[in-house]
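Below, chain A is the first sequence line, B the second, and so on; all start at residue 1. Keep in mind that what you see is a predicted model, and the values were worked out from it rather than measured.
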Amino acid sequence: MEPKLSKAYDPADVETRWYRAWEADGCFHAVADSPKPHYSIVIPPPNVTGVLHMGHALNNTLQDVLCRWKRMTGHEVLWMPGTDHAGIATQNVVEKQLAGEGLDRHALGREEFIARVWKWRAESGGQIINQLKRLGASCDWERERFTMDEGLSKAVREIFVRLYEEGLIYRDNRLINWCPRCHTALSDLEVEHDEKQGHLWHLRYPVKGSPRFLVVATTRPETMLGDTAVAVHPEDERYADLIGQTVVLPLLGREIPIIADDYVDREFGTGVVKITPAHDFNDFEVGKRHSLEFINILDSSGFINENGGPYRGLERGAARGKVVADLDAQGLLEKIDSHANAVGECYRCKTVIEPFLSLQWYVNVQPLAAEAIKAVQQGETRIVPTQWEKTYFEWMFNIKDWCISRQIWWGHRIPAWYCDDCGAITVSRADASACSHCGSRQLRQETDVLDTWFSSALWPFSTMGWPERTETLAKFYPTSCLVTGFDILFFWVARMMMMGIKSMGEVPFTDVYIHALVRDAQGQKMSKSKGNVIDPLSVIDEYGADAFRFTLTAFAAMGRDIKLATERIAGYKAFANKLWNAARFTLMNLEDFDPQVIDLSKLELSPADRWILVRLAETAREVNRALAEYKFNEAASLLYAFTWHYFCDWYIELAKEELYGTDLAAKARVQKTLFTVLEELLRLLHPLMPFITEEIWQALPGERPCAYIMLAPYPTGEGLPQDVEGAARMELVMEVVRAIRNIRGEMNVAPSRQVTAVLDCKSPASAEILKGGERYIRALARVGELTCGVGVARPDQAATQVAGDVEILLPLAGLIDIDAEEQRLVKEIAKVEKDVTLFAKKLGNEAFIAKAPPEVLEKDRGKLSEAQEKLEILQQSLEKIRGLK
RNA sequence: GGGCGAAUAGCUCAGCUGGGAGAGCAUCGGCCUUACAAGCCGAGGGUCACAGGUUCGAUCCCUGUUUCGCCCACCA
């Protein structure tokens, strides 16, 4: 017999071969006019600058599992792939490249810079797509999109204009988060707050015309240059007499009022707050309430501007040092306390952000959010696990207007034109050539671009051709499921909900599945600086894509973190190998077999066949249920257990008996079962392990119903011969095998040595079952002489075990050690005694008898009597053994 | 300040609506049994964080506590 499969599974060769074949044959392609029910997923578009990391690997593995599963269950599956232009991130990458050449974007100019980014994208933007293919992602690559594509850009303009016309997009001059390094505004979400140990400086402001000082506490002393008031609480007696007076701002000598505002917390610091309306969000509000002056003291790079007097030209950090030193020199620094506070940082470059007064574009999201809330409340979109709904609602209820303009070059340029003649704004779908207000041709387009997340928010429908009414939209929108990590729930999911409902009148997806984030084995976030990054590609190289995918699937249940340890992946590589070898075994024994010839349902099946077929059907049902509930880990462990513990450990071993036997009919029957089980198992495993299953499936004998396993139907558990009682009878045989093995193992009987066994059955039924299973018992427990029946002759000296109502006796007769058997029995008895006392106590409790449901009572009674019987037998054996000493 | 999550075997984690605690890895003992030593057979190992409560019965539900992690938030 020549094995058809190589001795060890070699993933590298198999993976590339099948992926190419699937793609070349259009297996991933979805057609809109299919009669099949639709199933659609849009990929969370990775940044073009990205390389595949563990988060992507998990995210896309889960999507692929769903897509492959749904494809096999008869759905027309569209998995829409693409990448995101990632405005700031990409611009940073290219700027860094320019810096390496001694250039900057201003030297190039806007147009040339953008051309440069496109060039960069053409050269290195496809990397992550190829990496997704290595993972096995069955995306419809023919439909691949990019957020800056012509079509998507059209969608962006369309929705921008619509929202503008409805008054939901507007321009306003207010404080925004400014990144002095990226030179752009950021939305609130793009600011990360990091708790840091800082200081609280206490500064003395002299009260005008009085020897008194007001002591203010601040974490940012340099902003005092922009102070336009000092505030106290209106009911604070300490300062009541000073309200309405003025202080002289140190260093600059500006006279500023002392105002009262109940924003001030009397308990904090000194109860006096310096007010810097142009550089602090709270102060901004106070400033508006009291009509204070807004003095901006910084330029866009974070340097002190002309309003900073002598400090002009200093970088903000240096300015802080000098301001503090100068105040100290003048005796105006009262003290410095240490103080923890959260500083905002740019989520792209980690630079400390600056509250900065500027004119920006905003979306009034309240009305959109209201709809997005309602949709989830009414169940049009389901968030799984449901705990995330609360987070979603929390954010939506407290949503604030979205600052969407960015002062960078790479992105969707805002379709607004300013008229040099009349000053009006023209917002238009097409490039405007004349002012919509006065008709002037002196127009300048807005230089700002849109927040990257603005175009991502349109992804579920912009990728399908919106605003055209395409067939694809009609067929595949709303999408079936969105799979994503919770880290972009607000950035992306929430905004897609708002924009989807607004644009399409329908939610963008019916399910949102939120998965955990992948961390290292210690639970640390993987990051380059920590050096704890595990590269998915190297994992695939080392363990194979299937083992990796299976690992991620098995881990998917975890709440928030997945601590990825490579040992686990190695374990699943062993699993892939196990499957491979089970297949090798099967194929070796199928040489003379044609699967089409025999009909399984017409055969007289063996107990082992009945058992494995019942287990298989049960596994298939459970796996389908688990996947439908997004319980990926359950699906993985069900398949793992079936493959390894049911199919390999038991069925293959049982099958050997007949495969190697002389009964040709029996052999053909086992071959058929073996073939059937392996073939269904491969299909069941395919969504999780696409490559190895395809490779084995293609090597199976006989005609295939379709070209690839990925196109074959997914098993449901239907259509297999089912004899549940027969399977249960087989369990008794297996239990007896286990019992004999236990004795052998505990007493160190060499596996090569055959033993004699006597099976004393209490019931004829058991005797019959075991007689039917004799050959299995002989083979699997290495039994030579075997006696089985009701009231059979019992050996005088024997090691004893109990299985159901069967007493298993292995004659000691010079074979085994009496002390060892005594020890084993003592251990066994202790275990059974524990059971007996537990159930006796439970059943002795009147309240339990009175209130517990009858089926629980019944079950426990059965268990008690079973344990009691077992205990009695074992105790008798122990006495006998002791008598021998 | 508000919210969320986690705490179960040495390690990493499952455990669905409450009914005798599970897996993988690791450990110990025995096996190169012709699919697989990436394997086979057997074994050991847990006051389910702590304290109360509800219940006939709690790892699971409720309250509180501790430890760790995350998200949101304008207390200077």
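Scanning for side chain to side chain donor-acceptor pair (under 3.5 Å) contacts around A:Arg204 gives A:Glu334, with sequence neighbours left out.
Considering only side-chain N and O atoms, A:His193 lies nowhere under 4.0 angstrom from the phosphate OP1 or OP2 of B:rC72.
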Under 3.5 Å, which N/O atoms of the protein pair with N/O atoms of nucleotides 29-34 of chain B?
from	atom 1	to	atom 2	distance (Å)
B:rG29	O2'	A:Asn748	OD1	3.4

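Atom name C1', nucleotides B:rA73 and B:rG64: the rounded distance is 26 Å, in whole Å. For the C1' atoms, the distance from B:rG10 to B:rU54 is 36 Å, rounded to whole Å. Taking the P atoms as reference points, B:rC72 lies 32 Å from B:rA9, given to the whole Å.
Salt bridge annotation for A:Glu634-A:Arg625: present, with a cationic side-chain nitrogen under 4.0 angstrom from a carboxylate oxygen. The pair A:Arg775-A:Glu658 meets the salt-bridge criterion, since a charged nitrogen lies less than 4.0 angstrom from a carboxylate oxygen.
When distances run from any side-chain atom of A:Lys578 to the nucleotides B:rA43, B:rC70, B:rC40, the shortest one goes to B:rC40. The side chain of A:Glu653 lies closest to B:rC36, out of B:rG3, B:rC36, B:rC72.
Between A:Phe575 and A:Phe281, it is A:Phe575 whose nearest contact on RNA chain B lies nearer the 5' terminus.
In summary, the aromatic rings of A:Trp388 and A:Tyr392 are positioned with their centroids too far apart to meet the 6.0 Å limit. In this structure, A:His233 has its ring center no closer than 6.0 Å to that of A:Phe268. Checked against a 6.0 Å centroid threshold, the rings of A:Phe491 and A:Tyr347 count as neighbours. Ring centroids of A:Tyr543 and A:Tyr572 are separated by 6.0 Å or more, keeping the two rings apart.
Ring pair A:Phe593/A:Phe675 is tilted by interplanar angle, where 30° to 60° counts as tilted.
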Quiz item: Which letters describe nucleotides 52-63 of chain B, given B = protein heavy atom under 4.0 Å from base, S = only from sugar-phosphate, - = neither?
Solution: ----B-------
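Across every strand in view, B:rU59 sits unpaired, with no contact that passes the Watson-Crick or G-U test at under 3.5 angstrom. Pair check for B:rA21 finds none; no Watson-Crick or G-U wobble contact set falls under 3.5 Å.
Using a distance-only test at 3.5 Å, with no hydrogens or angles considered, a donor-acceptor pair links the side chain of A:Arg744 to the main chain of A:Ala781.
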